[in-house]
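Here the structure is a predicted model, which is why all the values come from computation and not from measurement.
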Amino acid sequence: MKRLSVKQVILYVGGILLCKVSWMGCFPLIPAYFTAVCLEDAARGMLALSMLIGIILFVPITAAVKYLMTMTVIFITVKMFEWVEGRCTVLCAASAASIATFMMSLSGELLNMRDTAGMIVNVIEAVFVFSTIMLGTRFVDFFMQLSVLPQKQEEGHYHETRLGNYADSFSGLSKIFSQMNTVKKELSAEQMGRIQNELTGSLCVNCNQCVLCWDKDKSPMHSYLAYMLQSLQRTGEPDQEIVVQMQEYCPYTDAVIQEGMRIFEKARLNLAWYNRLLENREIIAQQLDAMAYIMEDCANEMTDITQERRQFLAEVKYRARERGVIVSKPRLYENKDKRWQLACEAYTKNGGCISMKELTRAVSAGLERDMRPHRDERAMVSSQGASVLFEEDTCFHETHAVVRRVKDGGSVSGDNYSFLEMDNGQLAMILSDGMGSGSMACKESELVLELLEKFLGAGFSKETALKMMNSAMVIRGEDDLYSTVDICSLDLYTGCCDMYKIGASTTFIKHRDFVERIVSSSLPVGVTHRMEIMNTKKQLEDGDFLVMVSDGVLEYLQGEDPDLAMCEILKQAAFQHPGQMADAVMDEVLSRTGGIVADDMTIMVCAVWRK
């Protein structure tokens, strides 16, 4: 039997037993309990049947008629409210139940001609019914929310453990790859010895003067050949002074030099391939690290706190029902930042529709936190029902805009940008500038942007996403096709902004009283497998503006320091809308360049406001 059916049976049995409770000839728990459970909408027909059985078993015939009539009035009143308004609030139901109980008692008193003492009892009974319903509905909601789900918790713990084990395995593989030999810039002494042996073995063995040249006591050929090999390693050409000295002892010096250069060229080629293999190993280690990170993050991302916060969920169901929405199967989760998410199913009665804003107010009041629906949720809740996801609301909100100019004579901009809204309350502003201009630069920066969006959208951290994207660009191996990357990740919960600049231009923050700049000097993406990631953290306040520009905006500004010139432009741009500010800044930049667009220009502006 399902848990919900067990709870219903408990409610029905409880209704039968409560019919036995009396006070001064009254049975006030009958209308109170019936109303409270009736509002829960837990099989009202079975509820009425169980209450009827209890009344027949335990209530005198005269009182039975009274309470049966009262229950009928309550049921009709609740159904009428739900039909007209789409909901029946607890206040309306409690008022209707108390009035119906009092009127039925009053009718019986008038017929029996009893004294005023009975009238006082009737008033007390009506007040008791009203207050019991107001409190009892909360108790019923909390009881219906009670559940113990050991099996699901064990399954969740099992999956988390498996993901953690997978993460440890990938992390171990990454360490194994990372601990392998590092990249070699020069040949080792052992390799130099093998080159010397190969050289002498191929030429000197068949020479008639071999014994004379390599007589260790008399011939200096050992030192001459060692010096020649060192010069070949340093410059690729033999030292002429050593060549002259060798010719005095060896008539085949030219052949030795040619053979040495051939062997060195082969050794350098092998060294290059060996280093390339080590670089690929390091790239694989980075990717394994990324996989370990995402698995560990998935294992620890959300904690189910439904059981610990049952009273909050009961309050959510109560407040939602007051607005005409039935909330079922609620699950409450807490992420690693102690922020809550609520997943539930919601539907309305009698074909009505309730706005998502109204349901959000009920959820926020029930959880005692400012909540908001997920950005992809529908605007209305209908009788068809749907799964709904709520998340804790942010402390800041933002508006953004962008202005672009294509290089004079060009048709396609090499700059590409993105405003990426992520599920963790973060906004990622990404700007990529492909080297040069035109379609090739556009394709390169577009590929970089697409990879970053996929990695960040999948939940990877910014550092991991940048490393994986750079690894892909290095393996791709296109010569002279590089792109800069500028990422500003804004946390709308705290207002903290993380900036990652890979060969990117200066970023500016316009505060109320001054303009701050963030500078980078790293290489673009795809140049080397060991990418230098510069991360700068800044705290944004109410009314701050974040301005990102491509290098085409700053390179052609007149003045000794283009960054200072841009700071002056931003100080003078007294606008409250990011679109107006972006347009004003672009117009001022073009006025200082004489209207010439010598390179692709992009200006991204984001304004941050506290809610």
Side chains of [X] and [Y], donor plus acceptor under 3.5 Å:
X	Y	result
Ser418	Glu453	yes
Asp486	Thr507	yes
Glu392	Trp340	no

Is there any salt bridge (charged side-chain N to carboxylate O under 4.0 Å, His left out) pair reaching into residues 491-500, and which pairs are they, with sequence neighbours excluded?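 Output for this query lists Asp498-Lys537.
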
Using 30° and 60° as the class boundaries, would you call the ring planes of Phe75 and Phe34 parallel, tilted or perpendicular?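 Answer is tilted, since the angle falls between 30° and 60°.
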
Taking the six-membered ring for Trp, are Phe143 and Phe139 parallel (under 30°), tilted (30 to 60°) or perpendicular (over 60°)?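 Phe143 vs Phe139 ring planes: parallel.
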
I want to check something: taking the side chain as every heavy atom from C-beta on, are [X] and [Y] in contact at a cut-off of under 4.5 Å?
X	Y	result
Pro373	Leu389	no
Thr137	Tyr318	yes
Leu452	Leu466	yes
Gln426	Leu490	no

Report yes or no: does Asp542 contribute a side-chain atom to a donor-acceptor pair with the main-chain N or O of Arg610 at less than 3.5 Å?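 Side chain of Asp542 to backbone of Arg610, a donor-acceptor pair under 3.5 Å: yes, one is there.
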
Please report the shortest heavy-atom distance between Pro31 and Val129, naming the atom on each side.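 So the two residues come closest at CG-CG2, 3.9 Å.
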
Taking all heavy atoms of Met371 and all of Ser364, pick out the closest pair and write down the distance.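 Heavy-atom minimum between the residues: N-OG, 3.1 Å.
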
Residues forming a ring-ring contact (aromatic ring centres under 6.0 Å, His included) with Phe396, sequence neighbours excluded: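 Per chain and number, Phe396 pairs via ring-ring contact (aromatic ring centres under 6.0 Å, His included) with no residue.
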
Against the six-membered ring of Phe81, is Arg87 placed for a cation-pi contact (under 6.0 Å from the centre, within 45° of the normal)?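 So Arg87 doesn't make the cation-pi contact.
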
Cation-pi geometry met for Arg339 and Tyr493 (6.0 Å, 45°):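 That pair qualifies as a cation-pi contact.
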
Who pairs with Arg378 by side-chain contact (heavy atoms from CB on, under 4.5 Å), at least two apart in sequence or on another chain?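 With sequence neighbours excluded, Arg378 shows a side-chain contact (heavy atoms from CB on, under 4.5 Å) to Met356, Ala386, given in chain and number order.
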
Considering residues, nucleotides and ligands other than Gln539, do more than 12 of their heavy atoms fall under 6.0 Å from its CD?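 Yes, enclosed.
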
If you draw a 6.0 Å radius around NZ in Lys611, do more than 12 non-hydrogen atoms from other residues or ligands fall strictly inside?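 Yes - once you tally the heavy atoms of other residues, nucleotides and ligands closer than 6.0 Å, there are more than 12.
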
